[in-house]
2 protein chains.
Amino acid sequence: MNIKQLSPDVSETEFKQQVFFALSDPGRYKIVQMLYNVGHEMGCGELNQHVEIDKSTMSYHLKTLREAGITSTRTQGREKYVTLNVAKIELELPGLLASL
Amino acid sequence: MNIKQLSPDVSETEFKQQVFFALSDPGRYKIVQMLYNVGHEMGCGELNQHVEIDKSTMSYHLKTLREAGITSTRTQGREKYVTLNVAKIELELPGLLASL
DNA sequence: TTTATAGTTTTATATTTATCAAACAATGAT
DNA sequence: ATCATTGTTTGATAAATATAAAACTATAAA
């Protein structure tokens, strides 16, 4: 018998709440939606072209997503590439990404 | 061919974002979770017994949920009963409630 | 080595949010 | 009629949030 089924880990609920918080903002919603739909990592600049927000605001939102564990970032040269942690999100909130 | 599939209605996305916002707060998360798990309407007092928050804070959160279209309220005498709009939520975000 | 580019951090600001006490309905009970 | 109960609204407050300009860091290009 799995303890988690009886008393779900606080951090699981916390992660879900952070995902919900992230998706409650129009900018972050679009970022996540776009990352999910393209199905692969995207450069910050590329994202910035599709989602119209100031680059510092974009950086702020990407930081929010990263720190919540929703995305991961890879640096190459002076560019950064953002990936959506699909598996992690699907594990806790199956089907959510598909319904955005 | 369904237009909605090509360009999802703004209000659909807005509703989803409101649901996400609602669920990003621990208090509201518990309220929604509880309503979903019991599977039927609950009195405000009954809710207050399970979710430990000040009655005016509870009223504030219930108003937030109500105005977002997430719950509905029925008055009987001096008590009020809250229902979760399961069908509506399931329509836009299938499976979400089950994964809370 | 100077300059341009990509993105972050800092600073400042306005807005939104959560919380609770206190005052306020509205209805039921005595 | 008076009192008690249920829940809402108002007002005040502290904290969190979103935004963007400006300064900054790091790398690439000239």
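Residue numbers begin at 1 in each chain, while the letters A, B, ... track the order of the sequences.
Closest-nucleotide positions on DNA chain C for A/R66 and A/R78 were compared, and the one nearer the 5' end corresponds to A/R78. For the pair A/S24 and A/G77, nearest-nucleotide mapping onto DNA chain D gives the more 5' position to A/S24. Take the nearest nucleotide of DNA chain D for B/N48 and for A/K55: the residue whose nucleotide is more 5' is B/N48.
Counting to the nearest Å, the C1' atom of D/dG7 and the CD atom of B/E46 are 15 Å from each other. Atom CG of B/D54 and atom C1' of D/dT13 are 15 Å apart (whole Å). Taking atom CD on A/E52 and atom P on D/dA20, their separation rounds to 11 Å, with Å as the unit. One atom, CG of B/D25, and another, P of D/dA15, lie 17 Å apart when rounded to the nearest Å. Atom P of nucleotide D/dT6 and atom OH of B/Y60 are separated by 24 Å, given to the nearest angstrom. Taking atom NE2 on B/H61 and atom P on D/dT8, their separation rounds to 13 Å, with Å as the unit. The distance from atom NZ of A/K63 to atom P of D/dT19 is 16 Å, rounded to the nearest whole Å. To the nearest angstrom, C1' of D/dA18 lies 15 Å from CD of A/E67.
On the nucleic acid side, DNA chain C has its first and last nucleotide under 4.0 Å of a heavy atom of chain A at C/dA4 to C/dT9, going 5' to 3'.
Remark: A/R28 is not positioned above the aromatic ring of B/F20, lacking an NZ or CZ atom under 6.0 angstrom from the ring centre and at most 45 degrees off the axis.
For the OP1/OP2 pair of D/dA18 and a distance below 4.0 Å, the side-chain nitrogens and oxygens of A/R28 include at least one atom meeting the criterion. For the OP1/OP2 pair of D/dG7 and a distance below 4.0 Å, the side-chain nitrogens and oxygens of B/R74 include no atom meeting the criterion.
Nearest approach of B/N85 to B/G69, heavy atoms of both residues: ND2-O, 2.8 Å. When every heavy atom of B/H61 is checked against every heavy atom of B/D25, the shortest pair comes out as CE1-OD2, 3.4 Å. The two residues B/V82 and B/T71 make their nearest non-hydrogen contact at CG1-CB, 3.8 Å.
The nucleotide whose nearest atom lies closest to any side-chain atom of B/K80 is, among D/dA22, D/dT8, D/dT9, D/dT8.
Using a 4.0 Å heavy-atom cutoff across all strands shown, A/Y81 reaches no nucleic acid atom at all.
Remark: B/L62 CG to B/I70 CD1 distance equals 11.5 Å, nearest 0.5 Å.
Looking at A/S59, its side chain never comes within 3.5 Å of a backbone N or O of A/S56 through a donor-acceptor pair.
With sequence neighbours excluded, the residues satisfying side chain to side chain contact (heavy atoms under 4.5 Å, CB included) with B/Q17 are A/P26, A/Y29, B/T13.
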